[in-house]
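Just so we're on the same page: letters track the sequence lines, and every chain starts at 1. The analysis underlying the following values was restricted to heavy atoms, covering all of them including side chains, and did not include hydrogens, waters or symmetry mates.
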There are 2 protein chains.
Amino acid sequence: MSVSLADLRGRDQALFSDGCPTRVVLDHVMGKWGVLVLLALSDGTQRWGVLRRSVAGISEKMLASTLKTLEGDGLVARTAYPEVPPRVEYALTDRGRDLMTRLIPLVEWVADNADDIVGGKA
Amino acid sequence: MSVSLADLRGRDQALFSDGCPTRVVLDHVMGKWGVLVLLALSDGTQRWGVLRRSVAGISEKMLASTLKTLEGDGLVARTAYPEVPPRVEYALTDRGRDLMTRLIPLVEWVADNADDIVGGKA
DNA sequence: CCGTATCCCAGATGATACTG
DNA sequence: CAGTATCATCTGGGATACGG
């Protein structure tokens, strides 16, 4: 395929040194829950409860943790409304939406190929 | 952005149910080392020793484990030559190369934005 | 040179209960 | 509703030593 991997190599011969920003962000985004939460938010603004149900299997702890990480990365924006009962909404930031233009094609590929891969058949 | 996320939703309202093939493959590919190893292999066929040095910080255990997983997923092909001393080469399969066409743009985005994100500045 | 086997730990994750 | 706190767990991951 020979993509512009050379561009990446230009910065770092050793595929991003241990602990460099690229690896950190990669871990946030590519982590078990990061992708799924981002995916859920690409539908648009979502409330906590909706996210929790949308991302099947996630615990409250991991949802909170994942959201906080992504918010810290400037990929997700949190908006709390001073109401009773509380209402909090999460949405992608501009940067988050930009990321999704790259992330969604990948997820689609995985979704298309996952059955073949796991099933063992090709 | 409103991408074709609807396509994905068509299969699974709950963003891929817990333990479904998509999530499994996603974890393999997106794991801490999966991306980096695949990236190293997108340069072309590589020997074990080269990979170990290329993916800075990876332990022998994780390299072996990651390669085995990716091989099991049909993304990486392993070729052992009956020589002394042993020589073993790893390369992307066709499916692996196909995956990289989606994965590399994402990694490039991350590399481009990582400094902003981690540094906190925008 | 190319791994595999073993031990061990930290952090990731899960379950549950509780608060604003 | 939207979390936080706490405790228990479990697996990823590192270090090391050894085998083919």
Side-chain angles (χ1 to χ4, degrees), chain A residues 14-20 23-38 40-41 45-73 76-91, chain B residues 14-20 23-38 40-41 45-73 76-91:
Chain A
L15 274 183
F16 319 118
S17 51
D18 206 354
C20 73
R23 283 205 190 175
V24 172
V25 175
L26 223 38
D27 284 351
H28 293 177
V29 172
M30 318 276 280
K32 181 175 173 62
W33 300 117
V35 203
L36 297 173
V37 169
L38 287 169
L41 286 174
T45 300
Q46 303 289 349
R47 298 183 57 166
W48 165 276
V50 176
L51 284 176
R52 181 147 165 53
R53 266 169 280 119
S54 181
V55 182
I58 195 171
S59 65
E60 300 195 337
K61 181 179 176 181
M62 290 320 297
L63 179 56
S65 164
T66 302
L67 283 170
K68 235 175 276 186
T69 298
L70 295 176
E71 193 190 351
D73 288 345
V76 167
R78 176 185 186 276
T79 311
Y81 297 88
E83 306 171 353
V84 175
R87 179 165 59 101
V88 181
E89 294 185 338
Y90 294 87
Chain B
L15 274 185
F16 319 118
S17 51
D18 206 353
C20 74
R23 282 204 190 176
V24 172
V25 176
L26 223 37
D27 283 352
H28 292 177
V29 172
M30 319 275 280
K32 179 176 175 60
W33 301 116
V35 203
L36 297 173
V37 170
L38 287 170
L41 286 174
T45 300
Q46 303 289 348
R47 298 183 57 166
W48 165 276
V50 176
L51 284 176
R52 181 146 165 53
R53 266 169 281 117
S54 180
V55 183
I58 196 171
S59 65
E60 298 196 338
K61 178 182 174 180
M62 290 320 296
L63 179 55
S65 163
T66 302
L67 284 171
K68 233 176 277 185
T69 299
L70 295 176
E71 194 189 351
D73 288 346
V76 166
R78 176 184 187 277
T79 310
Y81 298 87
E83 304 172 354
V84 175
R87 179 165 60 100
V88 182
E89 294 186 339
Y90 294 89

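- Counting only distance, with no hydrogens or angles, the side chain of B/R53 and the backbone of B/G49 share a donor-acceptor pair below 3.5 Å.
- Side-chain atoms of B/S17 never come within 3.5 Å of backbone atoms of B/C20 as a donor-acceptor pair (strictly under, hydrogens ignored).
- Between A/W48 atom CH2 and A/E60 atom CD the span is 6.0 Å, to the nearest 0.5 Å.
- Distances shorter than 4.0 Å separate none of the side-chain N or O atoms of B/W48 from OP1 or OP2 on C/dT4.
- B/R47 has no side-chain polar atom (N or O) that falls below the 4.0 Å cut-off from OP1 or OP2 of C/dC1.
- Judged as a side chain to side chain donor-acceptor pair (under 3.5 Å), the pairs with a partner in residues 63-73 of chain A (not counting sequence neighbours) are, in order, A/H28-A/D73.
- Remark on DNA chain C: of its neighbouring residues A/K61 and B/A64, the 5'-side contact belongs to B/A64, judged by nearest-heavy-atom nucleotide.
- With values rounded to the nearest 0.5 angstrom, B/L51 atom CG is found 8.5 Å from B/I58 atom CD1.
- Residue contacts shown for A/Y81 are absent, as no nucleic acid heavy atom lies under 4.0 Å away.
- What separates CG of B/L63 from C1' of C/dC2 is a distance of 10 Å, to the nearest Å.
- Side-chain atoms of B/R23 come within 3.5 Å of backbone atoms of B/F16 as a donor-acceptor pair (strictly under, hydrogens ignored).
- A/R78 places no side-chain N or O within 3.5 Å of a backbone atom of A/V88 that could act as its donor or acceptor partner.
- Distance NZ (B/K68) to C1' (C/dC2): 12 Å, rounded to an integer number of Å.
- Comparing A/E89 and B/M62 against DNA chain D, the residue whose closest nucleotide sits nearer the 5' end is A/E89.
- Of all nucleotides in DNA chain D, those with any atom nearer than 4.0 Å to a heavy atom of chain A start and finish, going 5' to 3', at D/dC1 to D/dC7.
- Separating the OH atom of B/Y90 from the C1' atom of C/dG3 is a distance of 8 Å, rounded to the nearest angstrom.
- At a threshold of 4.0 angstrom between heavy atoms, the contacts of B/R52 with the nucleic acid are absent.
- As a whole-Å value, the separation of B/R78 CZ from C/dT4 P is 7 Å.
- Both A/D18 and A/G49 sit near DNA chain D, but only A/G49 has its closest nucleotide nearer the 5' end.
- Atom CD in B/E60 sits about 10 Å away from atom P in C/dT4, given to the nearest Å.
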